[in-house]
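Within every chain, numbering begins at 1; the chains are lettered A, B, ... in the order of the sequence lines, protein sequences first and strands thereafter.
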Amino acid sequence: MPLTTDHRLSTTRLISRNFYLRDPREVARDLLGKLLVRREGKSLLAGRIVEIEAYLGTDDPAAHSAAGRTARNEVLFGPPGHAYVYFIYGVHYCLNVSCMPEGDAGCVLVRALEPITGTEQMARNRKLKLGAHPTQRELRHLTSGPGRLAQAFAITRPRDNGKDVTARKSDLQILDDGFQAERISTSKRVGITKAAEAPLRFTIAGSTFISR
DNA sequence: GAGGAGATCGTCT
DNA sequence: GACGATCTCCTCT
């Protein structure tokens, strides 16, 4: 089912820092349907968040911050609304956004997007070929997974870790265009072994752009 | 479509 | 020195 028809960004609002100053479970739910945007000169990439997970800080055994503050995860302990980008399996980058007041390491992991704008650039970033009339399957391949969407948006740790996604001048932002998900599904987080049963993964029910 | 192997490196033990 | 908040490719069905 189509989730989006209006591709204009003129009526969108930049999400403010206060939005992220909350429990990651609330932030995750409320980020479903919002737009992740990357600006790069003339190029504009946008995707609608359809899958996201909450990580609860030092009390959450599955969180990167579980063992406390390190050089790697220090962004998580800083102010909310900042990008925490980590490198995993020697291959992939993944994008998180810090939540909660400074000192508390809660965050959300963006796991899948519905591509909205800039699909050809996303395909180039992914080193994939798109047909003249891209199929649903091709579009799904662009951003249906945390490693995939990071590559599609050219998100890396050296470039983006610590970036303020609420700043006007930021080239990486999250915007609200008024879209409302009709129904949200809750499930177990993907790919973790500790605290694996916690229902902290949130998806837009029925979206075809969810991972796996 | 499902399942398994390999890639490849930063981080912490 | 082990392993991870993943993905792709290959094989088999």
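Position along DNA chain C of the nearest nucleotide to A:Ser144 versus A:Thr193 favours A:Thr193 as the more 5'-ward residue. Place A:Gln151 and A:Ile192 on DNA chain C by their nearest nucleotides, and A:Ile192 ends up nearer the 5' end.
Going from atom CG of A:Leu95 over to atom P of C:dT6 covers 14 Å, rounded to whole Å. One interatomic measurement links the two molecules: CG of A:Leu76 to C1' of C:dA5, which rounds to 12 Å at whole-angstrom precision. Summarising the geometry, the separation between CG on A:Leu149 and P on C:dA5 is reported as 16 Å, rounded to the nearest angstrom. Across the protein-nucleic acid pair, A:Asp60 atom CG and C:dA5 atom P stand 11 Å apart, rounded to whole Å. The NE2-C1' distance, from A:His141 to B:dG1, rounds to 14 Å in whole Å. Between the CG atom of A:Asn161 and the P atom of C:dA5 there is a distance of 16 Å, rounded to whole Å. Nucleotide C:dC7 holds its C1' atom 12 Å from the CZ atom of A:Arg111, rounded to whole Å.
In a base pair of the Watson-Crick type (N1 to N3 plus N6-O4 or O6-N4) or a G-U wobble (N1-O2 and O6-N3), with each distance short of 3.5 Å, C:dA5 is matched with no nucleotide. Base pairing of B:dT8: no nucleotide in any strand meets the Watson-Crick or G-U wobble criterion (both distances under 3.5 Å).
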> Which letters describe nucleotides 6-13 of chain B, given B = protein heavy atom under 4.0 Å from base, S = only from sugar-phosphate, - = neither?
Replying inline: -BBBSSS-
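Between A:Ala62 and A:Lys194, the shortest heavy-atom distance links the atoms CB-O, 3.3 Å. Of all the heavy atoms in A:Leu95 and A:Leu109, the pair that sits closest is O-CD1, 3.5 Å. Taking every heavy atom of both residues into account, A:Ala195 and A:Asp60 meet most closely at CB-OD1, 4.1 Å. The two atoms that bring A:Pro24 and A:Cys107 nearest to each other are CB-O, 3.5 Å, heavy atoms only.
Taking the six-membered ring where the residue is Trp, the centroids of A:Tyr55 and A:His64 are separated by 6.0 Å or more.
The side-chain tip of A:Arg17 does not point at the ring of A:Tyr20 from less than 6.0 angstrom away and within 45° of straight on. In this structure, A:Arg48 is positioned above the aromatic face of A:Phe179, its NZ or CZ under 6.0 Å from the six-membered ring centre and within 45° of the axis.
A:Arg126 has no side-chain polar atom (N or O) that falls below the 4.0 Å cut-off from OP1 or OP2 of C:dC7. Residue A:Arg212 places none of its side-chain N or O atoms closer than 4.0 Å to OP1 or OP2 of B:dA2.
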